[in-house]
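Structure record follows, encoded as structure tokens.
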Amino acid sequence: MKKRGQGFTVSLMLMFLLAVVLAGCGGNNNAAPSNTAATEAPAAANAGTATEAPATTEPAAEKPTVAFVYIGPPGDGGYTYQHDQGRLYMEKELGIKADFVENVPESADAERVITELAQSHDIVFTTSFGYMDFTLNVAGKFPNVKFLHASGYKTAENMGTYFGKNYQASYLTGIAAGKMTTKNHLGYVGAFPISEVIYNLNAFTLGAQSVNPDIKVDVVWTNTWYDPATERQAAISLLDKGADVLLAYQDSPATLQAAAERGAYAGGNDSDMSKYAPDNYLTNPVWNWGPYYVKAVQSVMDGTWKSEQYSGDMADGMVELAPFGNKVPDDVKALVEEAKAKIISGELDVFTGPISDNQGNVKVQEGQKLTLEEVLGMNWLVKGVEGTIPQ
């Protein structure tokens, strides 16, 4: 009874003090500053009822650790440079600092590097075709890490692929080359005789033939991604055979520089290379990886990532066309831009028949189109290409 009586007395005292406080508050309706009401309104809106506890703020989700594996040096141009620009864009957009390892050969050493990165990163981007099997092997050992491989076709539950239809821009470059040649003879310095390079060579040829049906294209394979000396010699050999416009599928500007020395036109690959020979530069396909890297990493952060084979294009901006060189006439630019608009709208598909190979076999019937899978597995050369695919 003593304990209850003490509680009753305290209750009466509290009721008395509360009445005094309420009376005081009611006598000064304008006492609160105007910004107090503004800052309290959102809290009231989220409170539910007056007796509920204040809402708690969820801690920010921890940002994933990200790493990239590069085939070459980022440098100031080419394929690896464009990937690195994409990495920097992703870092800026998401506030994530990513790691990278450059000059990783497409050999067992790649598997060692990828394995080391997987031990301390949540997401690993491997950016060259030759890393495919090594990436797949490591993905099997690290099921909680997300792996994304550029240009490949093998996937796993925690490994996806990404690339883009750069052949669309190769076709447009071919249009420019077909209009700029005076000899109807073009040259192509191919990196490796793999489908990625083959379908770009074919698209370049078809683009040129769309405006100049007499075009022929000589191809030389260098088996390099970045070897300026080797690529320069390949370009010179094509110029010696009479080609007056060249395109190269490598990281270095060696082909463009060799062409400029002979007064010929040329384009590079992957990035804008106009600064190396602005008066002899044509144009070429350009990669824009940044938006994809943001999308992929954000999906991991959101918990929505799933393995897929992503293929970007000119419509979504992953593939672009570099600015034209100084000497490309306005009428050529206009022709290319017209075709570009049709590609983006879907009106123009690069691999629409009739298309024959350089052995005389019809590969795509009139009115038919190659599927993306058929394009990505291409192992034949279109009519007009002088050369073979080494076995």
Side-chain angles (χ1 to χ4, degrees), residues 79 82 85-86 89 162-181 184 186 188 196 198-215 217 245-249 265-274 278 281-292 294-295 310-355 364-376 378 382 384:
Y79 181 78
Q82 291 302 121
Q85 291 299 297
Y89 178 86
Y162 64 101
F163 208 56
K165 300 173 183 176
N166 54 339
Y167 58 82
Q168 294 177 330
S170 288
Y171 183 91
L172 297 175
T173 305
I175 292 176
K179 295 297 291 184
M180 297 297 288
T181 180
N184 297 337
L186 311 180
Y188 198 94
E196 173 191 336
I198 292 168
Y199 61 67
N200 274 283
L201 163 60
N202 285 343
F204 173 72
T205 304
L206 292 172
Q209 291 173 344
S210 73
V211 295
N212 188 342
D214 297 325
I215 286 289
V217 181
V245 182
L246 307 182
L247 191 67
Y249 201 94
Y265 289 99
N269 196 45
D270 303 316
S271 66
D272 177 4
M273 295 186 173
S274 59
Y281 186 64
L282 194 63
T283 183
N284 56 245
V286 171
W287 290 109
N288 179 25
W289 302 106
Y292 170 77
V294 170
K295 175 184 174 183
Y310 181 81
S311 182
D313 54 22
M314 298 199 79
D316 71 9
M318 177 179 273
V319 177
E320 298 177 346
L321 190 68
F324 295 99
N326 293 344
K327 298 295 181 66
V328 178
D330 288 341
D331 62 327
V332 175
K333 295 178 184 178
L335 196 61
V336 172
E337 290 297 331
E338 180 182 353
K340 177 181 176 181
K342 290 180 179 179
I343 287 175
I344 291 175
S345 70
E347 181 181 351
L348 172 59
D349 187 291
V350 171
F351 293 111
T352 299
I355 301 174
V364 187
Q365 297 291 337
E366 184 172 1
Q368 299 297 309
K369 300 176 183 178
L370 291 181
T371 66
L372 180 59
E373 183 178 2
E374 289 171 332
V375 172
L376 298 182
M378 191 174 286
V382 299

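Every value quoted in this text rests on a predicted model; they were computed, and no experiment measured them.
Considering all non-hydrogen atoms of both residues, I175 and S210 come closest at CG1-OG, 3.8 Å. The heavy-atom pair separating L186 from A208 by the smallest distance is CD1-CB, 3.7 Å. Nearest heavy-atom pair across Y281 and P323 is CE2-O, 3.3 Å. Heavy-atom minimum distance, P285 versus T173: CD-OG1, 3.7 Å. Looking at every heavy atom in both residues, L321 comes nearest to M314 through N-CE, 4.2 Å. Closest heavy-atom contact between K327 and M180: O-CE, 3.9 Å.
Going from atom CG of D316 over to atom CD1 of I344 covers 10.0 Å, rounded to the nearest 0.5 Å. Considering CE of M318 and OH of Y162, their distance stands at 8.0 Å, rounded to 0.5 Å. Put simply, CD1 on I215 and OG1 on T181 are 5.0 Å apart, with the number rounded to the nearest 0.5 Å. Expressed to the nearest 0.5 Å, how far CG of L282 lies from CG of L246 amounts to 10.0 Å. Atom NZ of K340 is separated from atom CD of Q168 by 11.0 Å, given to the nearest 0.5 angstrom. Atom CG of L206 sits about 11.0 Å away from atom OG of S170, to the nearest 0.5 Å.
The aromatic rings of F163 and W287 are tilted relative to each other, their planes meeting at an angle between 30° and 60°.
At least one donor-acceptor pair under 3.5 Å links the side chain of T283 to the backbone N or O of A322. No side-chain donor-acceptor contact under 3.5 Å links E366 to the backbone of P354. Judged purely by atom type and a 3.5 angstrom limit, E338 has no side-chain atom pairing as donor or acceptor with the backbone of L335.
Counting heavy atoms from C-beta outward, Q82 and V286 have side chains that approach closer than 4.5 Å.
A side chain to side chain donor-acceptor pair (under 3.5 Å) with N166 is found for one member of N269, D313, N200, D270 and no other, namely N200. With respect to F204, the ring pair (Phe, Tyr, Trp, His ring centres under 6.0 Å) criterion is satisfied by exactly one of Y167, Y188, Y199, Y171: Y188.
Under the 3.5 Å distance criterion, with hydrogens and angles disregarded, no donor-acceptor pair is assigned to the side chains of Y249 and N284.
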